[in-house]
Amino acid sequence: MPTRSDADGRLRRSFYDRPTLDVARDLLGKALVHRRGSTVCSGTIVEVEAYIGETDPACHAAPGPTTRNAPLYGPPGYSYVYLSYGIHCLVNAVTEAEGFPAAVLIRALEPLEGIAAMRRRRARATQGRATARPQEDHELCRGPGNLTAALGITLAENRIDLLGNRLFVEDRGILVTRVVRGPRIGISAGIARPWRFAIEGNPAVSKPTSSRRPVALDGPARRE
DNA sequence: CGTTCGATGCACT
DNA sequence: GTGCATCGAACGT
């Protein structure tokens, strides 16, 4: 079978040019890396969600092509970053063939490199607000808005090639065995689709509302 | 345990 | 003008 990463472990275009659910599951355990100048921040991807096509009511492509969602219709292996609730930038990896709008939202990382920079950025992001600063390392990138703040990913990182040297994903040989799967978080439509994946038991995984608990992939079927 | 709510910017109707 | 793929504190039961 073809390798989907290069000699350095960088994921190739062919990794992203696949069914989105496969890409989502396979992104678990990979390392997301952001370089800004000499500052490098990275973390192991521990939680993702898939957004697939115009028929997925929670996907930004649901209304058809617009200015904002244009990256979803572009080639796979590009970033899609947008502003959520006027406060947080959320980062996706575009998947599937060009023309089919789909992506994987990166929801949580376990910090690897650049932890001091992550703490600085998170502290800056909470300035002027009565919000507690993260104490433990695994809190730095827990949640899609938190991880972009920690890594310094902004709208300036929208629609950039994930095969470049600025924002990319690496295979560092981590084998993920236990995966939990459940409904996506924070959406009002499309809740029935279990398109959220996370590494079981990882402390950096964001906490869903109790009514939306994930279930183990191997576990018993969950009642609707 | 659970739900509510403010902060905040912008794409979209 | 409306509604978010959020976060975390505050408050209700």
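Chain letters run A, B, ... following the sequence lines, proteins first, then strands; residues in each count from 1.
As judged by a 4.0 angstrom heavy-atom cut-off over every strand, A/Gly86 is placed among the base-contacting residues.
Out of B/dT13, C/dC4, C/dG8, the shortest distance to the side chain of A/Arg122 is found at C/dG8. Taking every side-chain heavy atom of A/Arg68 into account, B/dA11 is the closest of C/dA5, B/dA7, B/dA11. Counting only heavy atoms from C-beta on, A/Pro144 has its side chain closest to C/dC7 among C/dC7, B/dT8, C/dA5. When distances are taken from the side chain of A/Thr67 to each of C/dC7, B/dC12, C/dA5, the shortest belongs to B/dC12. Side chain of A/Tyr51, nearest nucleotide from C/dC4, C/dA5, B/dT8: C/dA5.
Going from the C1' atom of B/dC10 to that of C/dG8 covers 23 Å, rounded to whole Å.
Here A/His88 does not reach the OP1 or OP2 of B/dT8: none of its side-chain N or O atoms lies under 4.0 Å away.
In this structure, A/Arg122 and A/Leu140 approach most closely via the heavy-atom pair NH1-O, 2.8 Å.
We find that CG of A/Leu90 is positioned 14 Å from C1' of B/dT8, with the value rounded to whole Å. As a whole-Å value, the separation of A/Asn146 CG from B/dA7 C1' is 15 Å. Rounded to a whole Å, the CZ atom of A/Arg196 is 14 Å from the C1' atom of C/dT6. Between the P atom of C/dC7 and the CD atom of A/Glu139 lies a distance of 13 Å, rounded to the nearest Å. Atom CG of A/Asp56 is separated from atom P of C/dC4 by 14 Å (rounded to the nearest Å). Taking atom CG of A/Leu83 as the reference point, atom P of C/dT6 lies 12 Å away to the nearest angstrom. The interatomic distance linking A/Lys207 (NZ) with C/dT6 (C1') rounds to 17 Å, in whole Å. We find that CG of A/Leu140 is positioned 17 Å from C1' of C/dT6, with the value rounded to whole Å.
In this structure, A/His60 has its ring center under 6.0 Å from that of A/Tyr82.
A/Arg68 forms no cation-pi arrangement with A/Tyr80, by the criterion of a distance under 6.0 Å to the ring centre and an angle within 45° of the ring axis.
Not counting sequence neighbours, A/Arg159 has no partner by the side-chain hydrogen bond (donor to acceptor under 3.5 Å, both in side chains) test.
Side chains of A/Ser206 and A/Glu47: a donor-acceptor N/O pair is present below 3.5 angstrom, by distance only. Side chain to side chain, A/Glu113 and A/Ser42 meet the donor-acceptor criterion of an N or O pair below 3.5 Å. The closest side-chain donor-acceptor pair between A/Asn69 and A/Thr66 falls under 3.5 angstrom.
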Strand DNA chain B as a dot-bracket string - pairs counted if Watson-Crick or G-U with both distances under 3.5 Å, | where the partner lies in another strand: |||||||.||||.

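Taken together through direct or relayed side-chain contacts under 4.5 Å among Ile, Leu, Val, Met, Phe, Trp and Tyr, A/Leu21 and A/Leu11 form part of one hydrophobic cluster.
Judged by distance alone, with hydrogens and angles left aside, A/Asn69 brings no side-chain donor or acceptor close enough to the base of B/dA11 to form a pair under 3.5 Å. In this model, a side-chain donor or acceptor of A/Tyr82 finds a partner on the base of C/dA5 within 3.5 Å.
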